[in-house]
Protein chains: 2
Amino acid sequence: MPPAKPLMVFWYEFASTYSYLAAHRVERLAAAAGVDVAWRPFLLGPIFGAQGWTTSPFNIYPAKGRNMWRDMERLCADEGLKLVHPTIFPQNGIMAARLALVGAEDGWIADFSKAVYTANFAEGADISAAETLARLLGDLGLEAGAILARAQTQPIKDRLRTNTEAAIAAGVYGAPAFTVGDELFWGNDRLENALAWATRT
Amino acid sequence: MPPAKPLMVFWYEFASTYSYLAAHRVERLAAAAGVDVAWRPFLLGPIFGAQGWTTSPFNIYPAKGRNMWRDMERLCADEGLKLVHPTIFPQNGIMAARLALVGAEDGWIADFSKAVYTANFAEGADISAAETLARLLGDLGLEAGAILARAQTQPIKDRLRTNTEAAIAAGVYGAPAFTVGDELFWGNDRLENALAWATRT
């Protein structure tokens, strides 16, 4: 039996711009580093709300928001990823997150999560709409109806709540974030650092 | 005559932790890229104040602050820079910034600015104290008394105010920041990106 690979937890929220980049980079970089990735969706809403924010800080602070979009344009161009400015920002990702947790049980969480980010930030689709999510599931060859129903069950709802509580307990205050044991790394910029930490000797 | 090098403006505030890293990286990386650097100190206080903040966001949001200090520990270790948690954070850097602007006239702004950051974040010295600043000037072989007096003159005070207004006009909302023409890059993490932008063909 080969030795177990080190594990990195990837914390993400579907409304988060920089998580779009991280979601499309994490598998390639983690594979190259020899690190396993646990995809863990959570909700930023309760975390931001506890800080008194009712929307994204990128909306609250216009100069910061303008530069974030410009920065995303540059980084997505470097990464070969399309970017549109969604009409609604931030989008409500709660249903997508619950579906991702069904995917965690069934083994398609990574592909589905990447598809949701692409829908949000490359297509400008409404990722809170059941039709959009059903289409994404169908594109993965999955039976959307049954999965949408499972996503509304209490165990899945509880799991998303638990993930968000675990994120807060781990010190997460924004997305994406990465943890290796107790070590927290914040932001797409720290993906490489988190992987290096996971494989340090 | 060799062709003029591209220019990158380095916007920094002496209270800023990540500017400590940037100040100690910018000369080496800019030289390697063939880019000239304009060191431009400014004050974050008026910018934060306009957003309703009376202290650093790292103090306002404790989870963010805790991770910033841990992140700084990791990054400073990678960079071979010492780091202490200053007793006072953020420190008042207005006098240091005015002195740096005297240094911009006389050609020692980079060395002095690095020394102020080292005093603040590697030594935990009080960089608002005239004695500290006089020591740093003396260490550079400069006559502290005359320079401290020049730093209190109206043209220098006006220049710092103008720098801060220019930072706001350039869209700067945090430190460090880098501009290449109209292109704004925020954060120590974007130093390499700004240099690449400056030399793109």
Problem - Side chain, backbone, both or neither of A/Ile60 within contact of chain B (heavy atoms, under 4.5 Å) - result: neither
Exercise for the section: Take B/Arg66 and A/Tyr173 through the side chain to side chain contact (heavy atoms under 4.5 Å, CB included) test and state the conclusion after the steps. Expected result: CA-CA 10 Å; B/Arg66 273 192 299 276; A/Tyr173 52 93; over 6 Å; no
Practice task
Go through A/Leu75 and B/Asn193 one step at a time and tell me if the side chain to side chain contact (heavy atoms under 4.5 Å, CB included) criterion holds.
Solution key: CA-CA 9 Å; A/Leu75 296 175; B/Asn193 306 65; 3.9 Å; yes
Practice task
Provide the closest heavy-atom pair for A/Ala63 versus B/Gly171 in the form atom of the first, atom of the second, distance.
Solution key: CB-O, 4.0 Å
Problem - Heavy atoms from other residues, nucleotides or ligands near CZ of A/Arg161 exceed 12 (cutoff 6.0 Å) - result: no
Exercise for the section: Locate the shortest heavy-atom distance separating B/Asn67 from A/Leu184; write the atom from each residue and the value. Expected result: ND2-O, 3.0 Å
Exercise for the section: Heavy atoms only, distances under 4.5 angstrom: which of A/Trp186, A/Phe185, A/Trp197 has the most pairs with chain B? Name it, please. Expected result: A/Phe185
Fill in the blank from the handout: In this structure, CZ of A/Arg74 is separated from CZ of B/Arg190 (nearest 0.5 Å) by 7.5 Å
Practice task
Give a yes or no on whether A/Lys157 atom NZ has more than 12 heavy-atom contacts from other residues, nucleotides or ligands under 6.0 Å away.
Solution key: yes
Problem - A/Arg70 versus chain B, the contacting section by heavy-atom distance below 4.5 Å - result: side chain
